[in-house]
Amino acid sequence: MVKRSIVSATLFLFTIVICLLVFQAPVMAGKIKLNYANFPPAPTFPCVQMERWKVEVEKRTNGQVMINTFPGGTLLGAKGMMDGVIAGQADIGNICMAYQPGRFIVTNATSLPLGIPDAKTGSLALLKLYEKYQPQAFKDVVVLTMFANAPGNVMTKAPVKTLDDMKGLSLRASGGAAQILKAWGANPVGMPMPATVEALQKGTVKGLFSSLEVMKDFKFAEYCKYVTMTETVIYPFAVIMNKQKWNALPADVQKVMMDLKEEQSLWTGTYMDDQIQKAIAWSKEAHNVEFISFSADEKAKWDSKLEFITENWIKNANEKGLPAEAIIKDIKAFIQ
Ligand code: DTR
């Protein structure tokens, strides 16, 4: 009887240990926990790439690292992201550099009207530029990857076919894009992307300027029945990590993250370009959106209005002691 009880108790304990090992293994193994902050809502491309990176890092470190993701500004918002990561409020964060044109002068050169054709090209050109010039703006963080959205287009409630149609039109734009809309005669209104839904509903803005995946991701196609294909400028993004947290990581974990740097950039650019195609098809089918393309003459007219932007950037960057012409030349070469 006593022998039977001992056997049962041993079996019971054995089962518990096995269950704990099987079900708790990832938790127990996840010795390093990192918080990753992001500013836009979960379904948008900056957050989709964040989830992909989390999965890859956890997998490639065999559960040694656990990443907790915070989309939608739940840990840090767009403007406070860089300083929040430097201060350690989040271990990792995603910044849109174009929201702070004066802070990231070198990398923001990729958001000049230089003819970057898509997100994949933009993402890799941006990363190459960063690697070559190692800008001072990033001296207090470690860059985990960089990527870009696709070129911006004008999404509106009423059709825009010529520069005359743009005159005085209130359009949402963020960061450096405001001067583009101004140069085209529109009235740029700055606001975060999520606030644009309400602004379109209330009529405070008559449209927006951004990459076209937002037609689907934010359902802007419900309000904007017209898209003018200006195909102008990308926005550069960076994923940055707190330096102390980085220094505390084991070398094998650091290697996993560094090996992912370019791969993640390429993955995100490719994902974004794909989303653009899906958003265009969905906007046409589900919401009957009309896409307006320019003749070569009309396109030249719109582009010529933007030439001063690159000229001003060169002047400003030269004054700051940066090799402005070389940076522009490099971006053009990277695009090729
Ligand atoms: N065009 C910029 C950046 C951007 C493009 N798509 C998204 C989605 C979510 C956040 C930012 C962006 C902008 O208009 O903010």
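Each ligand, and each atom within it, is numbered from 1 in the order the structure gives. Small disclaimer: the values here were computed from a predicted structure and weren't measured.
A 4.5 Å side-chain heavy-atom check between Thr69 and Glu51 finds at least one atom pair inside the cut-off. Within the 4.5 Å cutoff, side-chain heavy atoms of Cys224 are placed close to those of Leu200.
Open room surrounds NZ on Lys128; 12 or fewer heavy atoms of other groups in view lie less than 6.0 Å from it. Other residues, nucleotides and ligands place no more than 12 heavy atoms under 6.0 Å from the CD atom of Gln244. Other residues, nucleotides and ligands contribute at most 12 non-hydrogen atoms within 6.0 Å of the CD atom of Glu198.
With a 4.0 Å heavy-atom cut-off, ligand 1 is reached by no atom of Met191.
Remark: Lys284 is positioned above the aromatic ring of Phe291, its terminal NZ or CZ atom under 6.0 angstrom from the ring centre and at most 45 degrees off the axis.
Near Ser211, the atoms of ligand 1 lying under 4.0 angstrom from a non-hydrogen atom of the residue are 5 (C), 6 (N). Shown in contact with Tyr99 at under 4.0 Å from a heavy atom are these atoms of ligand 1, numbered in order with element: 11 (C), 13 (C), 15 (O). Using a 4.0 Å cut-off to heavy atoms of Phe45, the atoms of ligand 1 that qualify are 6 (N), 7 (C). Less than 4.0 angstrom separates some heavy atom of Phe237 from each of these atoms of ligand 1: 3 (C), 4 (C). Of all atoms in ligand 1, listed by their number and element, those nearer than 4.0 Å to a heavy atom of Ser174 are 13 (C), 14 (O), 15 (O). Each of the atoms 13 (C), 14 (O), 15 (O) of ligand 1 lies under 4.0 Å from some heavy atom of Met193.
Closest to atom 10 (C) of ligand 1, if we only count protein heavy atoms, is Pro40 CB, 3.7 Å. Considering only non-hydrogen protein atoms, atom 1 (N) of ligand 1 sits nearest to Ser210 OG, 2.8 Å.
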- Query: Going through the distances and angles, do Phe70 and Phe39 end up as a ring-ring contact (aromatic ring centres under 6.0 Å, His included)?
  - Reply: CA-CA 8 Å; Phe70 294 84; Phe39 65 91; over 10 Å; no
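The residue from Gln275, Arg172, Glu213 that puts a heavy atom closest to atom 7 (C) of ligand 1 is Glu213.
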